Amino acid sequence: MKKERIAKVEELSPGESLGTIVNGLAIAVFNVDGEYYAIQNRCMHKGGPMFKGEVDCVDGDCSVYCPWHYLEFDLETGLAPINDEHRLRTFKVEEEDGYIVVTV
Amino acid sequence: MAQTEPEPIVEEAKDFYVTDVDFHYDADLADLLEYIENEAIVEKLTVDPEGKGEHKSNLPPMTSGHGASNWAVGADVDAGHTQGKATNTDDVVDAIREMAVDRPILTPNVLWLVNVHNEVVATELCKAYNDYVLDTGTDPQNDIYGALLLPQWDPAAAVDELKRHGKKEDFVTAYGWYGNFKPLGNAEYDPVFEKLTELNLPLSLHGIQYWPKNDLLGDHLKTFLEQNMLTWPIHAMMFLTNMLMTGAFDKYPELDIVILEAGTGWIPFLKSYLDEAYLMYPDDVKFTRRMHNEDQEFLEKKPSEYLSDNVYYGTQPMATIGNSRHEKAMFEMSDARTNFLWCSDWPHLSFDVPNWVLENRALDQESKERILNDNAENVFRF
């Protein structure tokens, strides 16, 4: 497992997201009301950039919609509610020494 | 620190010139009214803020399944504009840059127009759209071209529109719709085909939202996938079959049809199915109006040959197969190398980016160049 700093904390405010590459993997990182989520940044459908997707939270469960064709994925598990076979990888993400750090 | 994320369009795109043959250009009703001279029509279509009930509505009466797509999307979005809305040249430039497109053909995003029941009003709106896109959208000097919308419900008016704008370099194709209305094999469209071939313009045909009603099958369709996604290729097949079985391509061998937004998987099926069926049932062809008028007994070619010689296929929505061997066979059977035209359908929900061509292992370099641009160069009047 490798930890990688992807941004300073102040560079990703609540409601913002970014796309990054760690160890060759495209990863989308979201700050949802102070809670961080990291998910594969290529939609498994046609490769849409997930970090540009709209986030929607219901009762604390947050999803992101691919901005290209609006497939929905759970930010915590990466699962698409439409079908268990459709899933994006998720990654551990946390705040550490003033940086947002993703573990790959 | 981690690397910055690259753009979602694959990098190889910069090595190709990309033409998008179905980039939708928007027009609000208010935009079109500025281009209509008939005051009574303008007044009728103008919203009266003091109006009550149905008088508040300024859209003319129509039958359509419009809005059905919004019901079928799992998010709160306008499925017709998920990627944006282009109403001027700057909007177009911003959008094509994001998709690595070099040359768009602006196609009308007024898909409701063909469902308008009053043909006088519909024709005025159609003419207004053409004036509007010329005025605000096309820019041939910067490789932004347009499709000339034809009032296909009125063949004489369609010819008039071709006379009015058909020679302008802004327009590289004429444009209409396939759907649940009069198919174009009808001999009354001959003057339109005559004019199109004279002007060296292909006719692009796009699917249209129409929810069939008052028939047993249509009344019981419940989902957008049935009503739209499946009926479009079916309607495209019916329009093409109607045209070739009535001898339209025999009388006008130079006529090119471009089918948009029907996908491509049905092409091999239609070719072999019609060839087989025609061998068994050829004897009513001579009684169709055009064939009868021309005193022609049989088609000059096999049905599949017209589908290769006279028809080109916009690729969106591309349902890739995920198996290179199967995909390669499908591409060969569909004449993809010579007859496929990449298109985006921007800004609709089902839009495509060029990635599926650029990353496709079943396509060689020349096929990619052809699908992304060269075939369009051959078909459209650039």
Side-chain angles (χ1 to χ4, degrees), chain A residues 2-9 11-12 17-29 38-56 58 63-74 80-83 85-86 91 93 98-104, chain B residues 1-13 69-85 94-95 98-100 223-225 228-229 261 263 315-322 327 342-360:
Chain A
K2 185 187 175 191
K3 282 187 172 183
E4 181 106 4
R5 290 175 170 177
I6 54 122
K8 291 178 182 168
V9 168
E11 289 174 336
L12 192 68
S17 56
L18 59 81
T20 186
I21 293 188
V22 180
N23 268 10
L25 292 170
I27 297 174
V29 181
I39 195 166
Q40 180 184 328
N41 195 23
R42 287 280 177 267
C43 181
M44 37 66 61
H45 175 223
K46 291 193 175 178
M50 297 304 300
F51 83 98
K52 292 184 178 175
E54 192 179 317
V55 173
D56 185 34
V58 178
S63 296
V64 59
Y65 291 90
C66 174
W68 280 3
H69 304 98
Y70 285 82
L71 267 72
E72 179 186 2
F73 296 92
D74 186 289
I82 190 173
N83 187 324
E85 290 174 13
H86 293 75
F91 304 90
V93 56
Y99 286 90
I100 300 163
V101 175
V102 170
T103 303
V104 174
Chain B
M1 203 76 92
Q3 291 171 259
T4 310
E5 161 70 1
E7 288 302 309
I9 306 301
V10 297
E11 213 178 326
E12 289 82 351
S69 54
N70 293 343
W71 269 71
V73 185
D76 184 18
V77 293
D78 169 8
H81 298 97
T82 58
Q83 302 306 309
K85 186 173 181 178
D94 289 345
E98 264 193 45
M99 290 191 293
T223 66
F224 182 69
L225 194 148
N228 188 106
M229 300 304 285
E261 203 162 348
T315 54
Q316 180 273 340
M318 174 48 69
T320 47
I321 297 169
E327 200 149 66
W342 178 79
C343 51
S344 72
D345 190 43
W346 190 95
H348 295 168
L349 179 90
S350 60
F351 90 119
D352 278 343
V353 296
N355 287 4
W356 76 262
V357 180
L358 298 164
E359 295 178 314
N360 203 306

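Quick note on labels: first sequence line is chain A, next is B, and so on, each numbered from 1. Because the structure is predicted, anything quoted here is derived from the model rather than measured.
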* Asked: Just by distance, do the side chain of A/His69 and the backbone of B/Phe351 share a donor-acceptor pair under 3.5 Å?
  ->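 Here the side-chain-to-backbone pair exists.
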
* **Side-chain (A/Tyr65) to main-chain (B/Asp76) donor-acceptor, under 3.5 angstrom** => no

* Side chain from CB out, backbone as N, CA, C, O: work out which of these in B/Thr320 comes under 4.5 Å of a heavy atom of chain A, or both, or neither. =>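 No part of B/Thr320 comes within 4.5 Å of chain A.
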
* Where does B/Val353 contact chain A at under 4.5 Å (heavy atoms): side chain, backbone, both or neither? ->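 The side chain, not the backbone.
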
* Smallest separation among heavy atoms of A/Lys46 and B/Met318, with atom names ->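 Result for this residue pair: NZ-O, 2.9 Å.
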
* **Which atom of B/Pro8 lies closest to which atom of A/Pro49, heavy atoms considered** =>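 Result for this residue pair: CG-CG, 3.7 Å.
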
* Report the distance from atom CH2 of A/Trp68 to atom CG of B/Asn355, rounding to the nearest 0.5 Å. =>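 Between A/Trp68 CH2 and B/Asn355 CG, I get 5.0 Å after rounding to 0.5 Å.
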
* **Contacting moiety of A/Pro81, where chain B heavy atoms sit under 4.5 Å** =>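 Neither part.
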
* Asked: Is the CD atom of A/Glu54 crowded by more than 12 outside heavy atoms at less than 6.0 Å?
  ->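 Atom CD in A/Glu54 is not packed in, count stays at 12 or less.
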
